[in-house]
There are 2 protein chains.
Amino acid sequence: MTYTKQRILDAAEELFGEHGYSATSLRHIIAEAGVNLAAIHYHFGSKQDLLDQVILRKAGPMNARRLALLDRFEEEAAPEPASVEKILEAFIAPAILIDKSPEFVKLMGRVHAEGLMPEIAQRNFQPTIDRFLSALRRALPQMTAAELAWKAHFSLGAMAHTLTVPTEIDAQAAHESPDVIVQRLVAFVSGGFRAPVTMDKQTEVNR
Amino acid sequence: MTYTKQRILDAAEELFGEHGYSATSLRHIIAEAGVNLAAIHYHFGSKQDLLDQVILRKAGPMNARRLALLDRFEEEAAPEPASVEKILEAFIAPAILIDKSPEFVKLMGRVHAEGLMPEIAQRNFQPTIDRFLSALRRALPQMTAAELAWKAHFSLGAMAHTLTVPTEIDAQAAHESPDVIVQRLVAFVSGGFRAPVTMDKQTEVNR
DNA sequence: GTCTATACTGAGATAGAC
DNA sequence: GTCTATCTCAGTATAGAC
């Protein structure tokens with residue numbers, strides 16, 4: 001990897017995380033990186049592809065950490081399946097605690113939030129997601145596939161929203177340590193997973 | 001309201017919901033609406049202000065419905081406070097079931113997701129949010145303010161993510177009726193709210 | 001008051017010289 | 001590999017027709 005390419009990736013990670021994807025122009029990035037505009041298109045092809053590369057550079061280690069944690073928790077629980085809490089912790093903690101790099105955490109939150117998770121990244125994440133879904137199926141054998149999929153969807157939403165700047169939270173609460181935030185989020189989504197469904201009646205709203 | 005202004009609002013609501021805010025150009029909107037480009041700036045000032053007006057046009061009735069439901073549920077439960085489930089249902093259902101207008105539902109999801117909830121809309125939503133937070137405080141008197149704020153934050157994330165196109169869900173599950181989705185989401189976030197916090201130990205990840 | 005024609009600035013992208 | 005110049009299209013601003 002050339003020096004120029006490296007500088008572009010670093011600047012892009014910082015600026016995308018700080019201001020979001022749309023709000024960051026390639027001209028901001030070249031100013032921060034001290035390179036020429038065309039260099040971005042030479043090395044990456046497009047702004048979208050640059051985002052892909054920024055994500056993929058760190059997503060690999062992040063997902064490896066997730067899978068390692070899941071393996072460990074499953075070993076510790078054997079022969080029983082790992083608990084819902086542990087499985088969700090293995091998925092969530094590496095996303096928030098990744099090597100003390102808050103820029104990347106914010107970036108991942110923004111990428112989820114802006115609906116930009118690109119196909120390339122999606123492909124990269126799919127094996128990890130599949131592995132976690134099958135772990136959850138073992139932990140919750142009575143749950144239907146549709147219900148599991150929805151609960152995973154809700155959980156991803158809660159996680160993504162948490163990764164972005166939490167402006168809705170009191171300033172005080174927002175300054176809690178990442179460890180505490182992980183615990184709060186894991187407890188919340190675990191409660192959601194364990195909650196029973198009540199599908200036997202119309203919603204009250206339509207009475 | 002002039003005919004031109006009306007046409008612009010309708011076209012903007014449809015296109016913002018369909019393709020997102022950033023991906024929709026003002027020139028797309030004027031083509032759909034059959035008006036002149038400058039008419040947008042005459043009537044609305046800017047693209048951002050146009051989005052504000054699109055949201056405010058329907059947010060008022062939506063929040064009114066939320067508050068009406070909350071009032072009814074609180075009356076029915078009196079003298080006890082309304083249950084967490086009912087409070088959350090009163091908040092979530094109108095966002096998803098709003099007058100059979102899936103375009104606006106998608107738009108609200110995208111606005112939350114792209115982090116665009118503009119200040120004007122924020123001001124418009126704040127009284128409703130405050131009303132619901134105080135209802136939740138009554139339903140969960142033992143919960144600390146920080147914990148309640150975080151759980152509301154997680155719930156908003158799950159809801160916003162759900163409003164967007166649920167590509168991560170199986171095609172089958174995605175075609176469930178809005179009623180069922182409301183029930184699933186209410187059950188999920190209610191479980192999250194009722195889940196106990198376990199703040200008494202370090203996360204396992206750091207061992 | 002409403003709307004149109006036109007132009008300005010900055011965005012992402014590309015071709016070609018070096 | 002890198003840089004200059006240029007293209008198209010975005011949001012925006014304004015002058016003026018009706």
Side-chain angles (χ1 to χ4, degrees), chain A residues 1-57 107 110-111 113-121, chain B residues 1-57 106-107 110-111 113-122:
Chain A
M1 172 134 48
T2 68
Y3 179 67
T4 298
K5 198 171 173 181
Q6 182 94 39
R7 300 257 318 165
I8 294 171
L9 281 172
D10 291 342
E13 178 175 323
E14 178 188 334
L15 293 174
F16 283 155
E18 188 65 30
H19 306 111
Y21 175 77
S22 313
T24 301
S25 72
L26 295 183
R27 286 162 175 88
H28 291 159
I29 295 172
I30 64 168
E32 175 85 12
V35 302
N36 183 274
L37 175 59
I40 289 185
H41 289 95
Y42 173 74
H43 285 290
F44 300 97
S46 73
K47 187 183 180 184
Q48 175 71 51
D49 287 331
L50 170 59
L51 175 64
D52 288 357
Q53 293 305 313
V54 169
I55 292 171
L56 288 182
R57 186 168 63 147
L107 173 59
R110 286 190 179 277
V111 166
E114 288 189 57
L116 296 171
M117 191 67 110
E119 324 75 54
I120 295 181
Chain B
M1 171 134 49
T2 69
Y3 180 67
T4 299
K5 195 171 177 183
Q6 182 94 38
R7 302 253 323 160
I8 293 171
L9 281 172
D10 291 341
E13 177 176 322
E14 178 187 334
L15 293 173
F16 283 154
E18 188 66 29
H19 307 110
Y21 174 77
S22 313
T24 301
S25 71
L26 296 182
R27 285 161 176 88
H28 291 159
I29 295 172
I30 63 166
E32 175 85 12
V35 302
N36 183 273
L37 176 59
I40 290 186
H41 287 92
Y42 172 73
H43 286 288
F44 302 97
S46 73
K47 187 183 180 184
Q48 175 70 53
D49 288 331
L50 170 59
L51 175 63
D52 289 357
Q53 292 305 314
V54 170
I55 293 172
L56 288 183
R57 184 168 63 148
K106 270 205 271 185
L107 172 59
R110 286 191 180 277
V111 165
E114 290 189 55
L116 295 171
M117 193 67 111
E119 324 76 54
I120 295 181
Q122 185 107 17

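Just so it is clear, the values below take in all heavy atoms, side chains as well, and ignore hydrogens, waters and symmetry mates. Each chain gets a letter, A, B and so on, in the order the sequences are listed, and its residues count up from 1.
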Determine, step by step, whether B/Ile30 and B/Ile8 satisfy the side-chain contact (heavy atoms from CB on, under 4.5 Å) criterion, reporting the C-alpha distance in whole Å, the side-chain angles of both residues, the deciding distance to 0.1 Å, and the verdict.
CA-CA 7 Å; B/Ile30 63 166; B/Ile8 293 171; over 6 Å; no

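Cation-pi geometry between B/Lys47 and B/Tyr21 is satisfied (NZ or CZ under 6.0 Å from the ring centre, within 45° of the ring normal). Both tests do not hold together for B/Lys5 against B/Tyr42: distance to the six-membered ring centre under 6.0 Å, angle to the ring axis within 45°.
A straight line from CD of B/Gln6 to P of C/dC3 spans 12 Å, rounded to a whole angstrom. Look at CG on A/Asp49: it is 14 Å from P on C/dG12, rounded to the nearest Å. Regarding B/Ile30, its CD1 atom lies at a distance of 12 Å from the C1' atom of C/dA5, rounded to whole Å. Rounded to whole Å, atom C1' of C/dT2 lies 15 Å from atom OH of B/Tyr3. The CD1-P distance, from A/Ile29 to C/dA11, rounds to 11 Å in whole Å.
With A/Ser22 contributing its side chain and B/Ser22 its backbone, the two residues share no donor-acceptor pair below 3.5 Å.
For C/dT2, one of the phosphate oxygens OP1 or OP2 lies less than 4.0 angstrom from a side-chain nitrogen or oxygen of B/Tyr42. The side chain of A/His43 places an N or O atom within less than 4.0 Å of a non-bridging phosphate oxygen (OP1 or OP2) of D/dT2.
When side chains are defined from C-beta on, A/Leu107 counts as touching A/Leu51, because their heavy atoms get closer than 4.5 Å.
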How does each nucleotide of nucleotides 4-18 of chain D score, in 5' to 3' order, for protein heavy atoms under 4.0 Å: base (B), sugar-phosphate only (S), or none (-)?
B-----BBB-B----

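With sequence neighbours excluded, the residues satisfying side-chain hydrogen bond (donor to acceptor under 3.5 Å, both in side chains) with A/Asp10 are A/Arg57.
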